[in-house]
There are 2 protein chains.
Amino acid sequence: MNVIEINKALSNETRLKILNWLKSPEENFPPHKDLGHFNDGVCVQYIKEKTGLSQSTISHFLSLMQKAGLITPTRHGKWTYYKRNEQMIKSYLQYLSKEL
Amino acid sequence: MNVIEINKALSNETRLKILNWLKSPEENFPPHKDLGHFNDGVCVQYIKEKTGLSQSTISHFLSLMQKAGLITPTRHGKWTYYKRNEQMIKSYLQYLSKEL
DNA sequence: AAAACATATCGATAAATCTCGATTTATAAA
DNA sequence: TTTATAAATCGAGATTTATCGATATGTTTT
């Protein structure tokens with residue numbers, strides 16, 4: 001776990017929002033047409049639409065968050081779904097509580 | 001409390017270290033010649049020496065951390081002492097634990 | 001009042017981040 | 001096998017951050 005990398009990932013309004021939206025996808029995104037669930041998270045397209053930023057920017061943001069370990073991608077056909085990595089988030093919070 | 005501002009302040013190795021050193025000044029810094037205690041924290045000079053960075057950079061870093069609310073300055077004569085703002089740090093951790 | 005010292009601010013350059021549109025890659029549909 | 005769609009990567013300009021030396025400000029000592 002790289003705390004600085006995580007803090008950087010969390011130093012942006014949009015990325016914080018994305019992480020928050022992913023806590024309850026059913027409340028924040030329309031249902032996926034192919035899958036009937038959010039088990040693997042939400043596709044890039046929906047996240048892009050909700051933020052209003054460009055596809056490349058969102059892809060980049062998700063990549064940053066993934067490298068920091070905050071989210072995990074799963075590929076289903078041509079879609080990539082991203083979901084929160086609760087284990088990493090928990091470890092991060094525990095670390096901060098101790099070390100900060 | 002501005003979470004993004006705080007996260008930015010915590011996105012740098014040196015600044016994280018400073019915040020950590022300030023948890024136990026007696027273990028990390030020499031005693032102040034004028035005061036016999038660390039009640040108001042540590043002077044800029046000592047922090048500068050411990051990091052090896054320039055005076056202006058350290059002053060700038062401390063200013064960033066202060067604006068984020070993480071530390072508090074106290075002036076004693078020509079020295080400025082900085083100490084942790086435990087209340088803000090606690091609020092920040094509580095916020096993260098809930099909202100992240 | 002002048003000199004010395006600690007800190008803050010200014011100005012500048014290099015590096016990193018933000019954001020976009022264009023292109024490429026991977027997969028699915030026709 | 002061509003076409004369409006989703007996502008990733010590339011290249012670039014604008015903005016922000018890192019870092020320094022020089023200068024300014026405030027305080028103390030001489």
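Side chains are part of it too, since the values below use all heavy atoms of this structure and drop only hydrogens, waters and symmetry mates.
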Within this structure, what is the CG-to-P distance between B/L16 and D/dA18, rounded to whole angstrom?
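Between P of D/dA18 and CG of B/L16: 12 Å.
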Which atom pair, heavy atoms only, marks the closest approach of B/K8 to B/R15?
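Result for this residue pair: O-NH2, 3.2 Å.
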If you compare all heavy atoms of A/N39 against all heavy atoms of A/H37, which two are closest, and at what distance to 0.1 Å?
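Taking every non-hydrogen atom into account, N-ND1, 3.0 Å.
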If we ignore angles and hydrogens, is there a donor and acceptor under 3.5 Å between the side chains of [X] and [Y]?
X: B/S54; Y: B/T57; value: yes
X: B/N7; Y: B/Y92; value: yes
X: B/H76; Y: B/D34; value: no

Would you say a side-chain N or O of B/N12 is under 4.0 Å from OP1 or OP2 of D/dA18?
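True: B/N12 side-chain N/O within range (under 4.0 Å) of D/dA18 OP1/OP2.
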Side chain A/H32, main chain A/V42, donor-acceptor under 3.5 Å
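No, because the side chain of A/H32 does not come within donor-acceptor range (under 3.5 Å) of the backbone of A/V42.
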Got a sec: does the CD of A/E26 have more than 12 other heavy atoms crowding it under 6.0 Å?
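Yes, because the 6.0 Å sphere around CD of A/E26 holds more than 12 heavy atoms from other groups.
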Do you reckon B/I71 sits in the same ILVMFWY cluster as B/L35, going by side-chain contacts under 4.5 Å, direct or chained?
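No, separate clusters.
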Which of residues 39-68 of chain A have a heavy atom under 4.0 Å from DNA chain D?
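The answer is A/C43, A/V44, A/Q45, A/Q55, A/S56, A/S59.
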Let's see if you get this right: which residues in residues 71-85 of chain A place a heavy atom under 4.0 Å from DNA chain D?
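Contacts with DNA chain D under 4.0 Å: A/K78, A/W79, A/T80, A/Y82.
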Along DNA chain C, 5' to 3', what are the outermost nucleotides having an atom less than 4.0 Å from a heavy atom of chain B?
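Nucleotide range with atoms under 4.0 Å of chain B: C/dC5 to C/dT9.
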Could you give me the CA-CA distance, side-chain angles and deciding distance for B/L22 and B/K83, then say whether side chain to side chain contact (heavy atoms under 4.5 Å, CB included) is met?
CA-CA 6 Å; B/L22 291 180; B/K83 69 161 179 285; 5.9 Å; no
Describe, in one word, how the ring planes of B/F29 and B/Y46 are oriented to each other, choosing from parallel (under 30°), tilted (30 to 60°) and perpendicular (over 60°).
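Rings of B/F29 and B/Y46: parallel, as their planes differ by under 30°.
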